[in-house]
Each structure stands twice: as C-alpha cells, then as structure tokens.
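Report on the structure given below.
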Amino acid sequence: MKICILGAGVVGVTSAYMLAARGHEVTVLDRQPEAARECSFANGGQLSYTHAEPWANPHVFPKLMRWMWQEDAPLVLRFRADPHMIRWGLLFLMNCLPARARNHSEALLRLGLYSKAKMDALIAETGIDFEFLNKGILHVFSSQKDFDHARRQMEFQAAIGGQERALSMDEAVAMEPSLAHTDKKLYGAVLSPLDASGDIHLFTQRLAALAAEKYGVKFRHQITIRHLHSSGDTLSHIETSQGYESGFDAYVMSLGAYSPIYLRQLGLYVPIYPMKGYSITFPAGEFTPTISITDEERKVVYSRLGNRIRAAGTAEFAGYNHDIRKLRVEAVIRGAKLLFPKSDLHAPQEWACLRPSTPDGPPMVGATPLKNLYMNTGHGTLGWTQAAGSARLLADVIDRVPTEIPLTGLTTERNLIRW
Ligand SMILES: Cc1cc2nc3c(=O)[nH]c(=O)nc-3n(C[C@H](O)[C@H](O)[C@H](O)COP(=O)(O)OP(=O)(O)OC[C@H]3O[C@@H](n4cnc5c(N)ncnc54)[C@H](O)[C@@H]3O)c2cc1C
C-alpha cells in the first residue's frame, strides 16, 4: 500500500518504520526541517511502561481545587473561553471517577507492557544508540498519604500484570545515592523495575534515518499541512504549503497536539487538547541521579541522558501557545533545586511544548469513520513510552490482521463525534 503519514514526531516516525518494514511504500510529511522538533524534542525521557495511573483519577480530583489557585502547581486546570477546552475539562473531571480511572489504568498498563516488548525488540533489531538506561524508574513521595495511595495503585496494578515494589527511603538511597542529599522530606519510594529512560530526540532522528536508508521511507520536511479534504467517506486530498497531496491508499494522522484541528476539517471531533509541559536540561555531576526518578509531589521527572540530566513536568492549558513562561519553568527548576540541591542549575536549557492529551489518558489508535484514514495520536504524557506499541497496533489495523493485544480503551471511536 502507498501510505502517507502526517507528522514526524516519535509516533509518526515509529509508525513509518514499522509499516515500511512490512513492505508498504511510506511517505511522511512534516512542517519542521527534520524529525522530532516539536513534542518529541526534549521531553522527560522516561519509558514509563508500568506506571500506569492516568492524570484523571480520584486521588488527583481533590488536589485540582487547590492547584487551581497555585500558579506553579503541577497541573493547573482552569476553564478557558474555548469550547474545546471546556469539553475536554468536563470529560477529564468525569474520568476521575474510580471505575473509569481503573479501566484507563488497565488500558495504559496493557499498552505499556506491549510497548516495552516492541521497544526492546526495536532496540535489539536496530541497535540505535539513544542514551538508553535500562535501570527502572524510582518514584519518590513527599507525604505519607501519597505514598499510601501509590502502594494501593501498585497492588491494583500487580493484579493485572504490574511489577512494582515499595521501598523504604534507606533502600531508595542505597539504590540512588544522590537522594541522600535532598532538601525534601521523603516518605518512601516505589520502584518500577521494568521501566527505563532515553533521549527521544536522538531515537526518533536515528530511527527516521534508518527507515529512509533501509526501507526507502520518504521524509518530506518543511511542508505545512493546511487543509484536509474529504469526499464521501474518504480523505480525498491534502492542501499543503507546497500544493496538493493525493493518491495514497491510506493516511495516518500523527500530528500530535495539532491532530484535532485537522480532523475537525473532516467533520471528526476528537477531544485531544494541548497540555503544555516544560523541561530543563543541565549537566550531570557527582550529586545528580544515576537512574530515572519521578518526584510525585511536583510531578517532575528526571532522566539521566549521558552526561546531561533532563527534568520535565507541569501541565498548563494555554491553547496553542509555545511560549516558555518564566513562572512555570521556574517551578521545574525549583523542584530540581530541592530534590538535588547540589546540581549545577545556573544556566539550564529551557524548553516547552504541547502534549497531545486525551481526557481519559490512553491514545487513540486505529481506524476512523473515513475508510482510508487512520489515527495514531493523543498520547499525552506517555507518547515516548507508547510509541512502539501503538505503532505496531496501527500497522496491524492497517494490514487487517488481528492485533496482539485487545484495543479496548485505545480505539479512535471513544469520544469521537462525527458531524
Ligand atoms: C515536558 C514534557 C515531558 C514529557 N515527558 C515524557 C516522558 O518522560 N515520557 C513519555 O513517554 N512521554 C513524555 N512526554 C510526552 C511525549 O513527549 C509526547 O507524547 C510525544 O512526543 C508525542 O509525539 P507525537 O509524535 O504524537 O507528537 P509530536 O512529536 O509533536 O509530532 C507531531 C509532528 O507533527 C508536525 N506537525 C504538526 N502540525 C503540522 C502541520 N500543520 N503540518 C505539517 N506538520 C505538522 C510537527 O512538526 C511534529 O513533528 C512529555 C511531553 C512534554 C511536553
């Protein structure tokens, strides 16, 4: 089949690689000069396969009110005069119900474990070097209540295939000595031993180069998609900054946070909303982490990427605005200063981008009401983690072969409205 993938982020590139490896003729369109220049550029680096609690959960619900008035809170959910945001926000609140959150955890863990298997296979097959650190992720807690909640979530996940383990702070410090110097009172840790970390940008760029070299994938950069046109129940052509594109057997929507804008042009409404996050990158040193860590109080993650440390977090709803707001990035810097006070934070590299977030957590993968259009988008906080698994699911759906895991809770039709 001739397949056109819209978007060369980690999701589009991994999809392109997997589809081309199966013999499809793949073209990728992207507005940036090279792959992975938007949300897949400087993220938190965590391959968080088994920590599967969605943002929308009953434990977060009471915190939302408090965070609403706190400018540097981990998640600031304020309703803007934007109907898409209002709908997204209401769906998010509904998804905080316990039964829904449990279903979404199960879907996230199912996709996470599957993604781990596919990512491990991809790493073994390609030999891509991307500062991969396969040492697990350590989650640390600043209140007994949060630690107790995490242990309950861990027990729930253990019953459905999770493999996490609670640690005392002495055990956590023995595993990660930099925590001995923290200025925070920590109550305990949860180790996710199957998880890992690595540089998303390096990985995506190198996978794109390999896809082009090995399987002839055509990457066409600096083409901005302007309008998608349909005719009956097919996508007929794409209007771009360089003219029109058509004649493909299938199209894959992987435009990240921008996906819903273009889907709406086809009469498909999906509740994916841009959730802005920030990161800083600073030099690794004697007192910085050697494995990936999550500060669960601030929802800031730390990954060691060779001789650099990446810290990332915060969730802000600012529409399609990429500005690096001082107040928000300083929240990440302050978090790093508290947890790792001996770090060299005098001139960190700052970055912000928009996560393509669904209100329930899992991405939207598979067929759409238009018969030649597929989606692989809406990965929110976990696109790096889930890229390999969701690319393989997409390839199976396009090839009309049974998927290796159920698609329940991951499909495109949930919350999709067609008009
Ligand atoms: C601060 C932060 C920290 C994060 N930390 C983690 C983490 O630790 N672990 C994890 O798993 N995930 C993390 N994420 C989430 C992860 O980075 C994203 O889910 C993932 O990068 C999304 O990939 P994507 O390919 O869907 O989108 P993108 O990477 O944004 O790719 C979309 C592509 O579409 C292109 N595009 C958009 N519009 C157009 C247009 N009109 N015409 C042409 N091209 C267009 C863009 O140029 C871009 O290349 C984090 C995100 C942020 C912001």
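Just so you know, ligand 1 is whichever comes first in the structure, and atom 1 is the first atom listed for that ligand. Keep in mind that what you see is a predicted model, and the values were worked out from it rather than measured.
A donor atom on one side chain and an acceptor atom on the other are not found under 3.5 Å apart for N415 and Y269. Defined by atom type and a distance below 3.5 Å, a donor-acceptor pair is present between the side-chain atoms of S292 and Q46. A donor and an acceptor atom, one from each side chain of H379 and Q386, are nowhere located under 3.5 Å apart.
Atoms of ligand 1 found under 4.0 Å from any heavy atom of G256, numbered from 1 in the order shown, are 26 (O), 27 (O), 32 (C). Interface atoms of ligand 1 facing Q46, defined by a heavy-atom separation under 4.0 Å, are 7 (C), 8 (O), 9 (N), 10 (C), 11 (O). Taking a cut-off of under 4.0 Å to the non-hydrogen atoms of W384, the atoms of ligand 1 that pass are 10 (C), 11 (O), 12 (N). Close contacts between ligand 1 and G277 involve ligand atoms 1 (C) [criterion: under 4.0 Å to a heavy atom]. Listed by atom number, the atoms of ligand 1 under 4.0 Å from V10 heavy atoms are 23 (O), 25 (O). Taking every heavy atom of C353 and a limit of under 4.0 angstrom, the matching atoms of ligand 1 come to 53 (C). The distance from ligand 1 to the heavy atoms of Y262 drops below 4.0 Å at these ligand atoms: 41 (N). The atoms of ligand 1 that sit less than 4.0 Å from any heavy atom of G7 are 33 (C), 34 (O).
At the top of the distance list for atom 6 (C) of ligand 1, counting protein heavy atoms only, stands N43 ND2, 3.4 Å. Looking only at heavy atoms of the protein, atom 35 (C) of ligand 1 is closest to D30 OD2, 3.2 Å. For atom 29 (O) of ligand 1, the nearest protein heavy atom (residue, atom name, distance) is S40 OG, 2.5 Å. Distance from atom 3 (C) of ligand 1 to its nearest protein heavy atom, with residue and atom name: G44 N, 3.4 Å.
At least one N or O atom of I225 sits closer than 3.5 Å to an N or O atom of ligand 1. Ligand 1 has no nitrogen or oxygen under 3.5 angstrom from a nitrogen or oxygen of W351. Ligand 1 has a nitrogen or oxygen under 3.5 angstrom from a nitrogen or oxygen of G383. The shortest N or O to N or O distance between R31 and ligand 1 is under 3.5 Å. Residue C39 places at least one N or O, backbone or side chain, under 3.5 Å from an N or O of ligand 1. Where the criterion is an N or O separation shorter than 3.5 Å, residue side chain and backbone included, G313 fails it with respect to ligand 1. Ligand 1 has an N or O atom lying under 3.5 Å from an N or O atom of T385, backbone or side chain.
Atom CH2 in W55 sits 11.0 Å away from atom CG in L382 (nearest 0.5 Å).
Taking 4.5 Å as the limit, every side-chain heavy atom of P177 sits out of range of all side-chain heavy atoms of L179. Taking the side chain as every heavy atom from C-beta outward, H221 and V28 never approach each other to under 4.5 Å. Residues Y251 and E245 form no side-chain contact, since every pair of their non-hydrogen atoms from C-beta on lies 4.5 Å or further apart. Side-chain contact between L266 and L373 is present, with heavy atoms from C-beta onward closer than 4.5 Å. The shortest distance between side-chain heavy atoms of K184 and D295 falls below 4.5 Å. Using a 4.5 Å heavy-atom cutoff, the side chains of R226 and T240 are not in contact.
Residue Y258 touches ligand 1 through its side chain alone, judged by heavy-atom distances below 4.0 Å. Using a 4.0 Å cut-off between heavy atoms, A312 contacts ligand 1 through its side chain alone, with no backbone atom that close. Residue I223 touches ligand 1 through its backbone alone, judged by heavy-atom distances below 4.0 Å. The backbone of T381, and not its side chain, has at least one atom closer than 4.0 Å to an atom of ligand 1 (non-hydrogen atoms only; backbone = N, CA, C, O). No part of A387 comes within 4.0 Å of ligand 1, judged by heavy-atom distances.
Residue contacts with ligand 1: S48 is excluded, as none of its non-hydrogen atoms falls under 4.0 Å. Residue-ligand proximity: T377 is placed with every non-hydrogen atom at 4.0 Å or more from ligand 1. Judged by the shortest distance from any of its heavy atoms, F41 lies outside the 4.0 Å radius around the atoms of ligand 1. For the ligand labelled ligand 1, residue R355 lies inside the 4.0 Å heavy-atom shell.
Between W384 and F203, a ring centre-to-centre spacing shorter than 6.0 Å is recorded. Ring centroids of F340 and Y302 are separated by less than 6.0 Å, placing the two rings close together.
Comparing V11, L255, T294, L382 against atom 36 (N) of ligand 1, the shortest heavy-atom distance belongs to L255.
Other residues, nucleotides and ligands contribute at most 12 non-hydrogen atoms within 6.0 Å of the CZ atom of F61.
The residues D233 and K371 are annotated as salt-bridged, a charged nitrogen and a carboxylate oxygen being separated by less than 4.0 angstrom. In summary, K63 and E297 do not engage in a salt bridge, as defined by a charged side-chain N under 4.0 Å from a carboxylate O. With salt bridges taken as basic N to acidic carboxylate O contacts below 4.0 Å, one links K116 and D120.
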